[in-house]
Amino acid sequence: MPFLFADVLAVPRDGFYAVYAVVVVAFVALWARSTGQSPVAMARRRLPLALALGAVFAGIVALIVLRTEDATARPDGLELVGAVVWRGLVYGFADGLLLSAFPILAVFAMFAGTRMRQRVAGTIAVGLVALLASLAMTAVYHAGYSQFRSEEMRKPLSGAVVWGAPTLLTLNPLGAPVVHMTMHTTAVLHSYETDTYLPPHE
């Protein structure tokens, strides 16, 4: 999607976010339905712990944004509110769902009921596979943006470990989106013109 809509077709940033969010939600919903996963049951799984871990790691990524990005000018009033909702919350939710929650949950669902999940060592091994799947999804997704087809790829790959941790540790799909939404919202408020946390960027 980033390669086609952002790189090739050069769809404006907010328009791209609209297409991206709709496709991501539809894709994950289709996966859940076709594999018999209950979104409500998944969202209730260890919910307090998932939200607590989400808050902790959200604080970490917010500090990372503040310390690695220069402050830039930003809009005021309703335009800023709209940017927080659209670029921070909507885009952040879709990103967290696709790059972290989906690959992690898909891997654990694939091994559900197997002997590996009945042992601690096996569960840890499945967790490592899930983390690798999240890293792979993150790499493929960001490779669609021309700006990340360079050494800049190390930034989202290192961040994937942080923002995926709440979902990886609880298997609740809400943990990772909480971290992503915080990261993108912080970028909107602190570094509105960032070329790292709010792609695509010219």
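Note that the coordinates shown come from a computational prediction; the quantities given were computed from them, not determined experimentally.
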Please tell me if the side chains of Pro156 and Met153 come closer than 4.5 Å, counting only heavy atoms from C-beta onward. yes

Would you check, one step at a time, whether the test side chain to side chain contact (heavy atoms under 4.5 Å, CB included) holds for Asp7 with Arg149? CA-CA 12 Å; Asp7 200 0; Arg149 293 196 286 272; 2.5 Å; yes

Do Tyr20 and Tyr91 have side chains that get closer than 4.5 Å, going by heavy atoms? yes

Distance-only, no hydrogens or angles: does the His184 side chain make a donor-acceptor pair with backbone N or O of Leu89 under 3.5 Å? no

4.5 Å side-chain heavy-atom contact, Val129 and Met116: no

Quick one: are Pro166 and Val178 in side-chain contact, heavy atoms under 4.5 Å? no

Side chain of His142, backbone of Thr138: donor and acceptor closer than 3.5 Å? yes

Polar side-chain atom of Ser100 near backbone of Pro177 as donor-acceptor pair, under 3.5 Å: no

Side chain to side chain contact (heavy atoms under 4.5 Å, CB included) with Leu189: of Leu66, Leu80, Val65, only one passes, and it is Leu80

Under 6.0 Å between the ring centres of Tyr17 and Trp86? no

CA sep, side-chain torsions, deciding dist, call: Thr186, Val61, side chain to side chain contact (heavy atoms under 4.5 Å, CB included): CA-CA 9 Å; Thr186 304; Val61 297; over 6 Å; no

Any heavy-atom pair between the side chains of Val24 and Phe93 that's under 4.5 Å? no

Is a side-chain N or O of Asn172 found less than 3.5 angstrom from the main chain of Ala43, in a donor-acceptor match? yes

Locate the shortest heavy-atom distance separating Asp70 from Ser191; write the atom from each residue and the value. O-OG, 2.9 Å

Closest non-hydrogen atom pair between Pro200 and Phe16, with its separation: CD-CD2, 3.9 Å

Restricting to non-hydrogen atoms, name the atom on Thr35 and the atom on Trp31 that form the minimum distance, rounded to 0.1 Å. OG1-O, 2.6 Å

Donor-acceptor under 3.5 Å (Thr167 side chain, Ala176 main chain): yes

His180 (side chain) donor-acceptor with Trp163 (main chain) under 3.5 angstrom: no

Find out whether Met42 and Gln37 are in side-chain contact, i.e. whether some heavy atom of one side chain is under 4.5 Å from a heavy atom of the other. yes

Would you indicate whether the side-chain heavy atoms of Val19 and Val11 approach each other to under 4.5 Å? no

Donor-acceptor pair, Thr194 side chain versus Ala187 backbone, under 3.5 Å? no

Answer yes or no: does atom CZ of Arg117 have more than 12 heavy-atom neighbours from other residues, nucleotides or ligands under 6.0 Å? yes

